[in-house]
Undergrad: 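This is the structure, below, for whatever I ask next.
Each chain gets a letter, A, B and so on, in the order the sequences are listed, and its residues count up from 1.
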There are 2 protein chains.
Amino acid sequence: MTKGITRELIVTAALELLDDQGIDGLTVRALASRLDVRAPALYWHVRNKQELLDEMATEVMRRVTAAFAAVQPGAGWHDDLTAYARVLRAEYLRHRDGARVFSGTRITEPDVVRMKEPLFERWTASGWKPADADDAVDVVTAFVVGFVIEEQERRQAAETDPTRYSAAQRDAWLGEGASLVKEAGHLQDDGDQRFERHLDIVLAGLAARLGG
Amino acid sequence: MTKGITRELIVTAALELLDDQGIDGLTVRALASRLDVRAPALYWHVRNKQELLDEMATEVMRRVTAAFAAVQPGAGWHDDLTAYARVLRAEYLRHRDGARVFSGTRITEPDVVRMKEPLFERWTASGWKPADADDAVDVVTAFVVGFVIEEQERRQAAETDPTRYSAAQRDAWLGEGASLVKEAGHLQDDGDQRFERHLDIVLAGLAARLGG
DNA sequence: ACCTGAACACCGTTCAAGT
DNA sequence: ACCTGAACACCGTTCAAGT
């Protein structure tokens, strides 16, 4: 009962391995070793490494769905999309290079796509067309993906090369002039505040164009 | 004179190889073969493969800068950011997996960052603070990155598996119910129209929050 | 200064063979 | 049904040696 590996165990272990070792350390052999089997054993459960990556992405999206479902239903599309954006970012941030690795990968689970239905129902009831609802979700998703890719890259670069993102170092690197760019760089904040501010801009655009 | 390889020749050939063979085909040996040398020769010009990828990303961003500089200066931030978004998307689309491969990679060229200065000068002259200008560029960049990642993934999936994105196939895959999700899927357009519509939403948000 | 040949440690994947 | 041992073709990278 407790022995033998399953698809789910493999995917879970793969996500842990990604977080521990990074994308380059996510090798079939290392994953097998973590599961106490030899590499070829994995091929009984998974067609190839690409399928494993797809499964990992689907699992992450399942967690997004679950985390989102656990949130109180909001008063309208604005609340709903705010919660969705925060949950999506949080799940991406949970994994090393999460946004880059898991964005745009095909969802192998219909339920993850079907979760949009209750949202669409509520939003269309309050005046949006289905096409509007679709645009709204996709614009917010695109923004979150792009934001977190940049965010994780910056965070990672700060670890490997701490001087890189120090204000003084950046100014020197930029050379003479570019005073406004430097000033903006000094003011630039990181993390949640910045995310909320940028998300607010995107949602304001949805309100302006689709009504709300 | 005509013999011997240079950093620039390597980067150019690497971009071509990426487009021809995809990211998995972009190997040091294949690249060397394309340049008529053996693999170790590249290590005289480039520290390692990661540095090559950084150089490729920088080159793409240089082309974004150049293409953007060739555009007529707009009447204000709205025109400027529209042109920037279109140019960024166009350069990403030019390369296989361009958005995924080149987004979030560190820019090794100060000039590419310094190009923001004239924009910031004009925008602050019309009322934005430097921090606003920075937010605006970053929100638009995040949106474009996320949009094109999804766009290229969809395009690629459509090539390998044409049934995947057909309406009927998708409906069957989704199963019973989810009628609004299906309806939205049927209406969903691709490409430029969709990009312009979504970009318009983001810019409307900037206008609403930062003034315009 | 610039490039090659040979080698190293390591990949993803296949497959006959084991239980 | 599920896993292993051995093997294959291929990686990125190093380095002594060539010119």
Undergrad: Let me know the distance between CG of B/L31 and P of D/dC10, rounded to the nearest Å.
TA: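 Rounded to the whole Å, the gap is 17 Å.
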Undergrad: Give the rounded distance in Å between these two atoms: OH of B/Y43 and P of D/dT14.
TA: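 Computing the B/Y43:OH to D/dT14:P distance gives 7 Å.
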Undergrad: Hey, is A/E151 close enough to A/R194 for a salt bridge, meaning N to O under 4.0 Å?
TA: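 Judged by the 4.0 Å cut-off on N to carboxylate O distance, A/E151 and A/R194 do not form a salt bridge.
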Undergrad: Expressed as a whole number of angstroms, how long is the span from B/R7:CZ to C/dC2:P?
TA: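 Atom CZ in B/R7 sits about 13 Å away from atom P in C/dC2.
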Undergrad: Might you confirm whether atom NZ of A/K49 has over 12 heavy atoms from other residues, nucleotides or ligands at distances under 6.0 Å?
TA: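 Yes - once you tally the heavy atoms of other residues, nucleotides and ligands closer than 6.0 Å, there are more than 12.
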Undergrad: Taking atom C1' of C/dC11 as reference, at what distance in whole Å does atom CG of A/L26 sit?
TA: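 To the nearest whole Å, that distance equals 12 Å.
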Undergrad: Name the closest nucleotide to the B/R29 side chain, picking from C/dC3, D/dG12, C/dT13.
TA: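 Among C/dC3, D/dG12, C/dT13, the one nearest the side chain of B/R29 is D/dG12.
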Undergrad: Under 3.5 Å, which donor-acceptor pairs link side chains of residues 20-36 of chain B to any protein atom two or more places apart or in another chain?
TA:
unit_1	atom_1	unit_2	atom_2	d
B/D20	OD2	B/R34	NH2	2.5
B/T27	OG1	B/A30	N	3.0
B/R34	NH1	B/E16	OE1	3.1

Undergrad: Quick one: stems involving DNA chain D, counted as three or more successive Watson-Crick or G-U pairs, both distances short of 3.5 Å.
TA: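 The stems that DNA chain D takes part in, listed by first number, are C:4-8 with D:12-16, C:12-16 with D:4-8.
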Undergrad: Taking ring pair (Phe, Tyr, Trp, His ring centres under 6.0 Å) as the cut-off, I'd like each qualifying pair that reaches into residues 8-47 of chain B, sequence neighbours left out, listed once.
TA: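 Ring pair (Phe, Tyr, Trp, His ring centres under 6.0 Å) check on residues 8-47 of chain B returns no pairs.
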Undergrad: Assuming nearest nucleotide by heavy-atom distance, tell me which of A/D24 and A/R47 is located more 5' along DNA chain C.
TA: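 Its nearest nucleotide lies further toward 5', so the answer is A/D24.
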Undergrad: Let me know the distance between CG of B/L9 and P of C/dC3, rounded to the nearest Å.
TA: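 Result: 10 Å.
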Undergrad: If you find the nucleotide of DNA chain C closest to B/L42 and the one closest to A/T27, which residue's nucleotide is nearer the 5' end?
TA: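 First, find each residue's nearest nucleotide; the 5'-ward one identifies B/L42.
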Undergrad: Take the protein atom CD1 of A/I10 and the nucleotide atom C1' of D/dC2, then report the distance between them rounded to whole Å.
TA: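 Nearest whole value for this atom pair: 11 Å.
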Undergrad: Expressed in angstrom and rounded to an integer, what is the separation of A/L35 atom CG from D/dT4 atom P?
TA: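 After rounding, the reported distance stands at 11 Å.
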Undergrad: Hey, is the side chain of A/H45 poking within less than 4.0 Å of OP1 or OP2 on D/dC3, counting only N and O atoms?
TA: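 For D/dC3, OP1 or OP2 has a side-chain N or O of A/H45 closer than 4.0 Å.
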Undergrad: What's the closest nucleotide to the A/I5 side chain, out of C/dA1, D/dC3, D/dT14?
TA: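 Among the listed nucleotides, the one closest to the side chain of A/I5 is D/dC3.
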Undergrad: If you check every side-chain atom of A/W44, which of C/dT13, D/dT13, D/dC2 has the closest atom?
TA: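 Side chain of A/W44 sits closest to D/dC2.
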Undergrad: Side chain of B/A39 only, heavy atoms from C-beta on: which candidate in D/dA6, D/dT13, C/dC3 is closest?
TA: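 Between D/dA6, D/dT13, C/dC3, the one nearest the side chain of B/A39 would be D/dT13.
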Undergrad: Side chain to side chain contact (heavy atoms under 4.5 Å, CB included) with B/I201: which of A/V140, A/D138, A/V139?
TA: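 The residue from A/V140, A/D138, A/V139 that satisfies side chain to side chain contact (heavy atoms under 4.5 Å, CB included) with B/I201 turns out to be A/V139.
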Undergrad: Please determine if A/E117 and B/K182 form a salt bridge, counting it only when a charged side-chain N lies under 4.0 Å from a carboxylate O.
TA: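 No, this pair does not count.
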Undergrad: Write down the distance between CZ (B/R38) and P (D/dT19), rounded to a whole number of angstrom.
TA: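 Atom CZ in B/R38 sits about 15 Å away from atom P in D/dT19.
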Undergrad: Between B/M115 and B/T65, what is the shortest heavy-atom contact and its length?
TA: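 Smallest heavy-atom distance, with atoms named: SD-CG2, 3.3 Å.
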